[in-house]
Protein chains: 2
Amino acid sequence: MKFSEAEENYIKSIYHLQLSNNKVSATLLAAAVNTKAASVTDMLKKLQLKKLINYKPYQSFTLTDKGNKVALDIIRKHRLWEFFLVSKLGFKWDEVHAIAEELEHISSEELILRLDNFLDNPSFDPHGDPIPDRNGKIKFIPQKNLSAAPLKKELIVSSIKDQSSEMLELLKHYHIGIGTKMKINKRFDFDGSVEIKIDKLPVAIVSEQMAKNIFCKI
Amino acid sequence: MKFSEAEENYIKSIYHLQLSNNKVSATLLAAAVNTKAASVTDMLKKLQLKKLINYKPYQSFTLTDKGNKVALDIIRKHRLWEFFLVSKLGFKWDEVHAIAEELEHISSEELILRLDNFLDNPSFDPHGDPIPDRNGKIKFIPQKNLSAAPLKKELIVSSIKDQSSEMLELLKHYHIGIGTKMKINKRFDFDGSVEIKIDKLPVAIVSEQMAKNIFCKI
DNA sequence: TAATATATTTAGACGAATCTAATAATTATT
DNA sequence: AATAATTATTAGATTCGTCTAAATATATTA
Ligand SMILES: [Mn+2]
Ligand SMILES: [Mn+2]
Ligand SMILES: [Mn+2]
Ligand SMILES: [Mn+2]
């Protein structure tokens, strides 16, 4: 079954919201797809008709199994394209999101299969997020953010939650990227800030807000 | 200025029709974009408002300079993507058109710049059609079809006009592709058919219809 | 629990792109 | 030049995705 670009964007956003906020509201979804709540309601009815979501008016909604599969398929495409853009075309990891947002809607199955192969079947995108395989299976990595990870242990940055350009700017300033190795020296209770040590760099302190968005393999 | 996918498809089709049929009619255009003449009329008005075509009701229309630039930009994207699909992903030349038809609408300038570079700035797509450079400049090759090319001279197939799957099937059967070397032995006046000789293959006869669609460097 | 605040849905409209059927203009043919 | 055939345009709908404003349901809190 084929879906419109709008439908795909809604589905994908519901998936993401479900992961982080587990209760998905019309208002949250509206913000995610950059539209108004009224438009969301309209779309929810369509998605329900197509059996992509479970939805009763005035109640929060969830993806059906079918909806979940569709979401994973779009996310797979999005992340494979991001990987392509960074690894083959030399884009920086903070430049690829908007382009992948378009590319993810190209419909050819065969294209994605071949792209996946061309890229040597990567498991993680440039932001450290897992790329679902063609069956929607995701390679799960146990990870903890800097507010939860253990002290004095070698950590490897594995993904960044908030991928806004503001966040990515700050990361660049700290010389932090996917794969960066660091140790946590100390956590400060007063403001939740965290002192970290990266290889040859002087110690640095990151805010709690930032720490919560930086995930590491443990 | 950004254009919708529909607008881009119309513009591109007008460009192509202008090249081959030089008088572009609403009916022809309707067939090319797979729609009805009434819809074409509606779109023509929009394109005129955006100064992409010269159009007076009931008269035939042409692209403006601006329209021409837009067309060349889309064609550039289409052909670069086709080149990518064949050279990097291993698609056959008869499998890429439909996919490029979608990819050509991805909007990022930077993406195309980098793709072009990644592909080593190719001048011709897998069907032998020239790829406009970023300024819309096209590398022109003098070529003649098999109904017009000289006899007994070494010819190199440089492009195929009709790129329907039927045509491409037939070409495969004859072992003819871009770059194939051949000589014309004889042309038959009765039906316009042409006897050709390809390197190690036995002589073969192609129909006039086919001959007119196979272009060679001379 | 009743009042208030917040979130969601409906009603009604709009722009884009399409369609069919009817009409009008152009072109070709007697 | 008049008629017939062809082609193009308009009129009126439809579908999709969106909007604002009004109405309604749910959640909060006094
Ligand atoms: Mn998208
Ligand atoms: Mn990503
Ligand atoms: Mn297209
Ligand atoms: Mn081509």
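Order of the sequence lines sets the chain letters (A, B, ...), proteins ahead of strands, with each chain counted from 1. Nothing here was measured: the structure is a model prediction, and the numbers come from that model.
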Notebook entry, point to check: Take atom CD in B:Glu110; do more than 12 heavy atoms of anything else shown fall under 6.0 Å from it?
Noted result: yes
Check: Is a donor on one side and an acceptor on the other found under 3.5 Å between the side chain of A:Asn34 and the backbone of A:Ala30?
Finding: no
Pairs under 3.5 Å (N/O, protein and nucleotides 2-5 of chain D):
none

Would you mind reading off the distance between [X] atom [atom1] and [N] atom [atom2], rounded to a whole angstrom?
| X | N | atom1 | atom2 | value |
| --- | --- | --- | --- | --- |
| A:Lys50 | D:dT15 | NZ | P | 13 Å |
| A:Leu47 | C:dT9 | CG | P | 13 Å |
| B:Leu29 | D:dA8 | CG | C1' | 13 Å |
| B:Leu49 | C:dA17 | CG | P | 13 Å |
| B:Lys23 | D:dA8 | NZ | P | 12 Å |
| B:Lys2 | C:dA16 | NZ | C1' | 15 Å |

Item checked: Residue list, ring-ring contact (aromatic ring centres under 6.0 Å, His included) with A:Phe84, at least two apart or on another chain ->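 Listed in chain order: A:Trp81, B:Phe84.
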Which pairs, protein N/O on one side and nucleotides 17-19 of chain D N/O on the other, fall under 3.5 Å?
from   : atom 1 : to      : atom 2 : distance (Å)
D:dG17 : OP1    : A:Ser4  : OG     : 2.3
D:dG17 : OP2    : A:Lys46 : NZ     : 3.0
D:dT18 : OP2    : A:Tyr10 : OH     : 3.2
D:dT18 : O4     : A:Asp42 : OD2    : 3.3
D:dC19 : OP2    : A:Thr35 : OG1    : 2.3
D:dC19 : OP2    : A:Lys36 : N      : 3.1
D:dC19 : OP2    : A:Ser39 : OG     : 2.8

Notebook entry, point to check: Of the nucleotides D:dA8, C:dA7, D:dT10, which one has an atom closest to the side chain of B:Lys45?
Noted result: D:dT10
Next item on the list: Select base, sugar-phosphate, or nothing to describe what B:Lys56 touches, counting heavy atoms under 4.0 Å on all strands.
Entry: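 The answer is nothing, as B:Lys56 stays clear of every strand by at least 4.0 Å.
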Next item on the list: Could you tell me whether B:Phe61 contacts a base, only the sugar-phosphate backbone, or nothing, with contacts defined as non-hydrogen atoms closer than 4.0 Å?
Entry: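 Here B:Phe61 touches no strand at all.
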Next item on the list: Return the set of residues passing salt bridge (Lys or Arg N to Asp or Glu O under 4.0 Å) with A:Glu195 (not counting sequence neighbours), or none when no residue passes.
Entry: none
Next item on the list: For B:Glu208, enumerate each residue passing the salt bridge (Lys or Arg N to Asp or Glu O under 4.0 Å) test, keeping only those at least two apart in sequence or located in another chain.
Entry: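 B:Glu208 satisfies salt bridge (Lys or Arg N to Asp or Glu O under 4.0 Å) with B:Lys212 once adjacent residues are dropped.
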Could you list all N or O pairs between the protein and nucleotides 23-27 of chain D that sit under 3.5 Å apart?
from   : atom 1 : to      : atom 2 : distance (Å)
D:dT24 : O2     : A:Tyr58 : OH     : 3.4

Checklist line | side chain to side chain contact (heavy atoms under 4.5 Å, CB included) involving B:Ile75 - partner list, sequence neighbours excluded | finding: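 Side chain to side chain contact (heavy atoms under 4.5 Å, CB included) check on B:Ile75 returns B:Lys12, B:Tyr15, B:His16, B:Arg79, B:Pro132.
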Check: Please, which pairs that meet side-chain hydrogen bond (donor to acceptor under 3.5 Å, both in side chains) have at least one residue in residues 126-136 of chain B, sequence neighbours excluded?
Finding: B:Glu82-B:His127
Next item on the list: For residues 63-75 of chain A, pull every pair meeting side-chain hydrogen bond (donor to acceptor under 3.5 Å, both in side chains), keeping only residues two or more places apart or in separate chains.
Entry: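 Found none.
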Check: Can you list every ring-ring contact (aromatic ring centres under 6.0 Å, His included) pair that touches residues 44-64 of chain A, not counting sequence neighbours?
Finding: none
Checklist line | Phosphate-side-chain proximity, A:Tyr55 and C:dT9, N/O vs OP1/OP2 below 4.0 Å | finding: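 The answer is yes; a side-chain N or O of A:Tyr55 sits under 4.0 Å from OP1 or OP2.
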Item checked: With B:Gln18 via side chain to side chain donor-acceptor pair (under 3.5 Å) - residues at least two apart ->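 None.
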Please report, to 0.1 Å, the donor-acceptor pairs under 3.5 Å made by any side chain of residues 36-47 of chain B, with sequence neighbours excluded.
from    : atom 1 : to      : atom 2 : distance (Å)
B:Ser39 : OG     : B:Thr35 : OG1    : 3.4
B:Thr41 : OG1    : B:Ala37 : O      : 3.3

